[in-house]
Trainee: 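This structure is in structure tokens; I'll ask about it shortly.
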Amino acid sequence: MSMSFPSVDEQLQIITRGIEKIVPQDELRKKLQHSQDTGIPLRIKYGIDPTGIDVHLGHTVPLRKMRQFQELGHQAVIIIGNYTALVGDPSGRDEARSKRLTEAEVQINATTYLTQVGKVVDMSRAEVHCNGDWFSTMSFADVLALCGRVTVAQLLTRDDFAKRYREEKAIFLHECLYPVMQAWDSVKISSDVELGGTEQLYSFMLARDLQAQENLQPQIAVMSPILVGLDGVRRMGKSLGNYIGISETPYDMMKKFMQLPDGVMKMYFELLTDVPLDDVARLLAGHLKVAKVTLAKLVIAQYHSDPDAAAAAARWQSEIGGEALPTDIPEVGLDAALLAAGNLTAGKLLTALNLCPSNGEARRLIQGGGARLGEAKTAITAHDQLIPVTDGLLVWAGKKKYCRVKLV
RNA sequence: GGGGGAAUACCCGAGUGGCCAAAGGGGCCAGACUGUAAAUCUGGUGGCGUAAGCCUUCGCAGGUUCGAAUCCUGCUUCCCCCA
């Protein structure tokens, strides 16, 4: 078995790509060396709270790292935080989470999650644990004993808590338990390395303390930068609506990629693809639109296939980059009874087709010049303009929303 | 248990009796420009109505008043401080 590990240097080179911080820096080499010498794979932990169901590219950053570790011969250990999810991760939040999940919701989410995680991690070689397995059987006395190992002062060294404390915002007691629970997971599964974002530093370090107290080898924190979302500013997240989900269709992903700000491409290449960094630099020195298409195709192919990705790119180029009409124009039924002598006012047409949610919005859209008709995209000029409506009429509400009329 | 403070549209936030569908900023939408990138510029950003206009909205429920986001009463939620 030991023969199958690449050399420590080779491993380090792969592992450190796209990693912002390894703590403690030098111990990773020692661990890898030890694993090399003994033939015992390292246990790589990644915890995920089943709070939602859409796995997006932000999640794939540590998951990809996990996959790389697997390919180097190490053991993947996935923790489903069904108990930590009951608390909600306070990391990077300046406020407490408002809602807490029920156990039933968590259960469903966990299943969906694992399916998606399997698109990145080789689940046939991964260990999966739910932290409820050990937390649900702890007594209150056990919890107290665990809490007795952590001081509030330590807790307040976390940036997010410290900030909230300074700003006199609420910090709830159960939130304080979150890092403790996460750290305890590391004890329970004897992790050698834990993967996650830089915001997890505190929990990762706490895990080291607890592991040491249990006479275990402390884990090493391997932390990725936080992937920014489509807005190019905030972290990619479901609640922010700025994410690309790995279950989306190739074309949907393509459209989102092409809307990315140029500035984030370097990060995306580094964290989401295996393109050597020299090549990335070369790509980014060229035409940025070309680089963006390359990026999009590479990532899409990971979750679909090369042909799918190529097709999505070609379609984007012809429909959006070029002049071709979209190929997916939906038909929307329109009650023929609404017509007066075959006509309908523009505002009513837009709302009846659900292109605008209200008359007010329709009026604004028309005033802004975004409402158009037909293949020629003739602008509608007035809200009360009478439109001769025929079956199959193409109606545009801006560039991205459109449909064909289907008289019923 | 006691005291202080707060709640305004997607978010932040101004507004202390009529000129308030409610300043300003952010976000978002649309247009121009472009590579559906960035930057910039323009317009818009409660509902109904072709329109005049009408209706709903400033935590909730009442009240005072010709008139309330604004004053009063009760309630709810949140924050802080003291114990």
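Throughout, a chain's letter reflects where its sequence line sits, starting with A, and its residues are numbered from 1. FYI, side chains are in, hydrogens and waters are out, and symmetry mates aren't considered; it's all heavy atoms of this structure.
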Trainee: Going by the angle between their ring planes, with limits at 30° and 60°, are A:Tyr83 and A:Phe135 parallel, tilted or perpendicular?
Mentor: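 Ring orientation, 0 to 90° scale: parallel.
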Trainee: Can a cation-pi geometry be assigned to A:Lys255 and A:Trp316, taking NZ or CZ under 6.0 Å from the six-membered ring centre and within 45° of the ring axis?
Mentor: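 Ring-cation test returns no.
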Trainee: Name the pairing partner of B:rA6, where a pair is Watson-Crick or G-U wobble with both distances under 3.5 Å, or state none.
Mentor: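 B:rA6 is paired, partner B:rU77.
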Trainee: Could you work out the separation of B:rU42 and B:rC19 based on their C1' atoms and round it to a whole Å?
Mentor: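 Those two atoms are separated by 28 Å.
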Trainee: In whole angstrom, give the distance that lies between atom CD of A:Glu361 and atom P of B:rG47.
Mentor: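 It works out to 6 Å between those atoms.
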Trainee: Atom CG of A:Leu350 to atom P of B:rC29: distance rounded to whole Å?
Mentor: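 Going from A:Leu350 (CG) to B:rC29 (P), I get 17 Å.
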Trainee: Find out whether the Lys NZ or Arg CZ of A:Lys21 is both under 6.0 angstrom from the six-membered ring centre of A:Phe204 and within 45° of the ring's axis.
Mentor: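 Checked: cation-pi criterion not met.
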Trainee: With C1' as the reference atom in both, quote the distance from B:rG47 to B:rU57 in angstrom, rounded to an integer.
Mentor: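 Here B:rG47 and B:rU57 have their C1' atoms 10 Å from each other.
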Trainee: Would you measure the distance from the C1' atom in B:rG13 across to the matching atom in B:rU64 and give it in whole Å?
Mentor: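 Those two atoms are separated by 30 Å.
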Trainee: Is there a donor N/O on one and an acceptor N/O on the other, under 3.5 Å, for the side chain of A:Asp231 and the base of B:rG27?
Mentor: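 Check fails, no donor-acceptor contact within cut-off.
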Trainee: On RNA chain B, does the nearest nucleotide to A:Asp384 precede the nearest nucleotide to A:Gly263 from the 5' side, or the other way round? Give the residue.
Mentor: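 Checking each residue's closest nucleotide, the 5'-ward one belongs to A:Gly263.
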Trainee: Which nucleotide wins on minimum distance to the side chain of A:Leu288, given the candidates B:rA38, B:rG47, B:rG35?
Mentor: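 Of all the options, the side chain of A:Leu288 is nearest to B:rG35.
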Trainee: ring-ring contact (aromatic ring centres under 6.0 Å, His included) with A:Tyr251: which residues, sequence neighbours excluded?
Mentor: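 If we apply the ring-ring contact (aromatic ring centres under 6.0 Å, His included) test to A:Tyr251, skipping adjacent residues, there are no hits.
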Trainee: Paired with B:rA30 by Watson-Crick or G-U wobble geometry, both distances under 3.5 Å: which nucleotide is it?
Mentor: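 With both distances under 3.5 Å, B:rA30 matches B:rU42.
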Trainee: Parallel, tilted or perpendicular: which one describes the rings of A:His129 and A:Trp134, with boundaries at 30° and 60°?
Mentor: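 Tilted: the ring planes of A:His129 and A:Trp134 meet at 30° to 60°.
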Trainee: Write down the partner of B:rG1 under the Watson-Crick or G-U wobble criteria, each distance required to be under 3.5 Å.
Mentor: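 In the structure as shown, B:rG1 has B:rC82 as its Watson-Crick or wobble partner.
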Trainee: Tell me whether the OP1 or OP2 atom of B:rC29 has a side-chain N or O from A:Arg363 closer than 4.0 Å.
Mentor: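 The answer is no; no side-chain N or O of A:Arg363 sits under 4.0 Å from OP1 or OP2.
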Trainee: Return the 5'-most residue of the pair A:Thr351, A:Ala371 with respect to RNA chain B, ranking by each residue's nearest nucleotide.
Mentor: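 Mapping each residue to its closest nucleotide by heavy atoms, the 5'-most match is A:Ala371.
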Trainee: Which whole-number value in Å describes the distance from A:Lys348 NZ to B:rA51 P?
Mentor: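 Taking atom P of B:rA51 as the reference, NZ of A:Lys348 is at 10 Å.
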Trainee: Only pairs with both distances under 3.5 Å count, Watson-Crick or wobble alike; so what is the partner of B:rG35 in this structure?
Mentor: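 Its partner: none found.
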Trainee: Please determine, by modelled atom types, if A:Lys65 and A:Ser224 share a side-chain donor-acceptor pair under 3.5 angstrom.
Mentor: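 No, no side-chain donor-acceptor contact under 3.5 Å.
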Trainee: Both distances under 3.5 Å, Watson-Crick or G-U wobble: report the partner of B:rU64, or none.
Mentor: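 None - no nucleotide pairs with B:rU64, as no candidate has both distances under 3.5 Å.
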Trainee: Expressed as a whole number of Å, how far does the P atom of B:rG24 sit from that of B:rA14?
Mentor: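 Comparing P positions in B:rG24 and B:rA14 gives a spacing of 15 Å.
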Trainee: For B:rC48, does either OP1 or OP2 sit under 4.0 Å from a side-chain N or O belonging to A:Ser358?
Mentor: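 Answer is yes, contact under 4.0 Å.
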Trainee: Nearest to the side chain of A:Arg364, heavy atoms from C-beta on, is which of B:rG35, B:rU50, B:rG44?
Mentor: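 Output: B:rG44.
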Trainee: Would you measure the distance from the C1' atom in B:rA38 across to the matching atom in B:rU50 and give it in whole Å?
Mentor: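 Each nucleotide's C1' atom is 41 Å from the other's.
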Trainee: Please state the P separation for the pair B:rG5 and B:rC55 - nearest whole angstrom.
Mentor: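 To the nearest whole Å, 38 Å.
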Trainee: Starting at atom CH2 of A:Trp396, determine the distance to atom P of B:rA30, rounded to an integer number of angstrom.
Mentor: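 Rounding to the nearest Å, CH2 of A:Trp396 and P of B:rA30 are 13 Å apart.
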Trainee: To the nearest Å, give me how far apart CG (A:Leu365) and P (B:rC29) are.
Mentor: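 To the nearest whole Å, that distance equals 12 Å.
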Trainee: A:Gln367 has an atom CD; how far is it from atom P of B:rU42, in whole Å?
Mentor: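 Computing the A:Gln367:CD to B:rU42:P distance gives 17 Å.
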Trainee: Tell me the partner of B:rC58, counting only Watson-Crick (N1-N3 plus N6-O4 or O6-N4) or G-U wobble (N1-O2 and O6-N3) with both under 3.5 Å; none if nothing fits.
Mentor: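 Pairing partner: none.
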Trainee: To the nearest Å, give me how far apart NE2 (A:His287) and P (B:rU34) are.
Mentor: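 Value for this atom pair: 13 Å.
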Trainee: Please report the distance, rounded to the nearest Å, between CE in A:Met254 and P in B:rA37.
Mentor: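 Rounding to the nearest Å, CE of A:Met254 and P of B:rA37 are 13 Å apart.
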Trainee: What interatomic distance, in whole Å, is found between C1' of B:rA83 and the corresponding atom of B:rC75?
Mentor: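 The same atom, C1', in both gives a distance of 27 Å.
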Trainee: Look at A:Asp192 together with A:Arg43 and state whether they make a salt bridge at an N to O cut-off of under 4.0 Å.
Mentor: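 Result for this pair is no, no salt bridge flagged.
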Trainee: Any base atoms under 4.0 Å from A:Thr345, or only sugar-phosphate, or nothing? Heavy atoms, all strands.
Mentor: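 Answer is nothing: A:Thr345 stays at 4.0 Å or more from every strand.
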Trainee: With respect to the side chain of A:Arg372, which nucleotide from B:rG47, B:rA32, B:rG35 is positioned closest?
Mentor: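 For A:Arg372, the side-chain atoms sit closest to B:rA32.
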Trainee: Could you tell me how far B:rA6 sits from B:rU16 if I compare only their P atoms? Round to whole Å.
Mentor: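 Nearest-Å result for B:rU16 against B:rA6 at atom P: 14 Å.
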Trainee: So what's B:rC19 paired with, Watson-Crick or G-U wobble, going by both distances under 3.5 Å?
Mentor: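 The answer is none; no pair meets the criterion.
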Trainee: Nearest of B:rA37, B:rG31, B:rC48 to any side-chain atom of A:Lys292?
Mentor: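 Side chain of A:Lys292 sits closest to B:rA37.
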